[in-house]
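Just so you know, ligand 1 is whichever comes first in the structure, and atom 1 is the first atom listed for that ligand. Here the structure is a predicted model, which means the values were calculated and not measured.
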Amino acid sequence: MDVKIYDKLAKKYDLVTKIVSFGIEEIWRWIFIKTIKKYIKNGVLLDIASATGEMGKLNFKKMYFVEPSSEMVKVMLEKFKKNGFIEIEKFKLKKQKQEIIIIQSRAENFEIDEKVDLITAFMALRNFDNLKEGIRNLDKVLKNGGYFAIVEMIKSDNFFSKLILWYMNNIIPFVMGFLGLREEYKLLGKSIDSLKEKDIMELFKGYEIVEKRNLFFIAKMFIMRKNEKND
Ligand SMILES: C[S@@+](CC[C@H](N)C(=O)[O-])C[C@H]1O[C@@H](n2cnc3c(N)ncnc32)[C@H](O)[C@@H]1O
């Protein structure tokens, strides 16, 4: 995905997302966080395609946020600082015993020098430039027995899914036109067409699906566990 689109959206991203989804995205995130906490309560988290860092609501003791848009990273930094984190060195923040590290990079080529307990990808995968490379790179940093948790919009044949896609491809770009963001939202709508559940499943062969659920309308949640003897 062209990161310039997200650079342009960054400052308005949280507000606009709430408005155009009628708050539904927040409900999806709430369900996602609640479900993840059933399986893993704390540890080292890596959130991919973090945008403004909303997955920080998981509140793990150490959290990596990987996001390629420099403008999103700026908004994320300010948000964490407002929440009491202090930037002790560039892109590294602390609050009491909690640590945050922001990495400005794409999923396909970031590096960290430890393995993590949980990877979260909330509305993230369809933005990857190369899904296979992105997942391969993420898999490298996940511990055996660790969790990979995904929420993604995936097209299906039901009426509501079609209605939402129509809304995303027509109404949202029209409304966003008033903010000068018509083309950006057209592209975001189109990106949903590109991702299929079977493509995701193909890439997670070494994983056990511990929970898979349709979130109302068009989103799907997958909680997967990496096999213990994967290395
Ligand atoms: C829909 S937003 C993600 C929302 C976010 N995960 C959340 O919890 O609110 C998509 C994000 O993907 C990022 N992105 C674009 N290309 C990417 C890539 N190749 N790898 C990782 N992130 C990418 C964009 O910059 C954007 O911030």
Side-chain angles (χ1 to χ4, degrees), residues 1-21 23-36 45-60 63-80 83 100-112 118-141 148-154 164 168 172-173 176 181 184-195 200 203 215 218-222:
M1 176 72 75
D2 184 354
V3 169
K4 282 197 206 108
I5 296 176
Y6 284 106
D7 280 337
K8 200 167 164 193
L9 289 179
K11 288 202 180 90
K12 305 174 192 128
Y13 184 77
D14 286 345
L15 180 67
V16 165
T17 305
K18 268 186 202 122
I19 295 170
V20 299
S21 76
I24 288 171
E25 199 175 271
E26 275 193 284
I27 300 173
W28 288 341
R29 193 187 305 281
W30 181 79
I31 297 172
F32 190 44
I33 289 177
K34 209 162 165 275
T35 310
I36 289 171
L45 157 76
L46 186 143
D47 179 54
I48 192 67
S50 306
T52 64
E54 281 289 288
M55 286 313 300
K57 288 178 176 157
L58 266 163
N59 248 325
F60 273 32
M63 301 190 277
Y64 288 93
F65 294 92
V66 180
E67 165 56 51
S69 151
S70 58
E71 293 302 314
M72 285 288 192
V73 166
K74 277 187 205 156
V75 174
M76 183 173 5
L77 258 175
E78 285 317 307
K79 209 152 113 179
F80 289 138
N83 283 332
I100 284 178
I101 297 165
I102 299 173
I103 300 172
Q104 194 188 324
S105 175
R106 293 175 185 270
E108 295 81 354
N109 49 22
F110 76 90
E111 283 175 18
I112 59 170
L118 167 68
I119 293 176
T120 50
F122 184 89
M123 303 295 171
L125 302 187
R126 70 173 188 277
N127 294 281
F128 290 8
D129 302 286
N130 182 325
L131 187 61
K132 195 171 169 189
E133 275 302 297
I135 303 288
R136 196 190 54 80
N137 200 29
L138 287 160
D139 177 70
K140 271 198 323 210
V141 302
F148 203 127
I150 296 170
V151 168
E152 196 50 78
M153 283 203 237
I154 294 173
I164 300 228
M168 293 190 72
I172 295 182
M176 286 301 131
L181 296 168
E184 285 75 8
Y185 273 89
K186 261 193 190 164
L187 277 170
L188 294 186
K190 273 196 194 129
S191 69
I192 297 173
D193 276 339
S194 62
L195 197 62
I200 300 179
L203 298 170
L215 300 182
I218 194 175
K220 276 201 171 159
M221 174 173 67
F222 307 87

query = Going by the atom numbers of ligand 1, which of them fall below 4.0 Å from some non-hydrogen atom of S50?
reply = 5 (C)
request  = Would you mind checking if R136 and E133 are paired as a salt bridge, meaning a charged N to carboxylate O distance below 4.0 Å?
outcome  = yes
message = Could you work out, for atom 8 (O) of ligand 1, the closest of R29, M123, K4, E54 by heavy-atom distance?
response = R29
note = Note: ligand 1 atoms sitting under 4.0 Å from heavy atoms of D129 are 19 (N)
remark   = Filtering W28, F65, F32, Y13 for the heavy atom nearest atom 1 (C) of ligand 1 leaves Y13
query = Which residue, L15, V16, L9, forms the side chain to side chain contact (heavy atoms under 4.5 Å, CB included) with K12?
reply = V16
remark   = With heavy atoms and a 4.0 Å threshold, my read on which part of P68 contacts ligand 1 is side chain
inquiry  = Is it the case that ligand 1 has an N or O less than 3.5 angstrom from some N or O of A107?
reply    = yes
query = Hey, do the aromatic rings of F65 and F80 have their centres closer than 6.0 Å?
reply = yes
ask   = Should D47 be counted as touching ligand 1, given the test is an N or O pair under 3.5 Å?
value = no
query = Does R106 count as lying over the ring of F128, i.e. NZ or CZ under 6.0 Å from the six-ring centre, within 45 degrees of the axis?
reply = no
query = Does the distance from a Lys or Arg side-chain N to an Asp or Glu carboxylate O, for E152 and R126, drop under 4.0 Å?
reply = yes
query = So is there a nitrogen or oxygen of A124 less than 3.5 Å from a nitrogen or oxygen in ligand 1?
reply = no
request  = Please state which part of F122 comes within less than 4.0 Å of ligand 1, counting heavy atoms only: side chain, backbone, both or neither.
outcome  = both
query = Does K11 NZ have over 12 foreign heavy atoms under 6.0 Å away?
reply = no
remark   = Under 4.0 Å from one or more heavy atoms of S69, ligand 1 contributes atoms 25 (O)
request  = Salt-bridge test for K8 and E71: reply yes if a basic N is under 4.0 Å from a carboxylate O, no otherwise.
outcome  = no
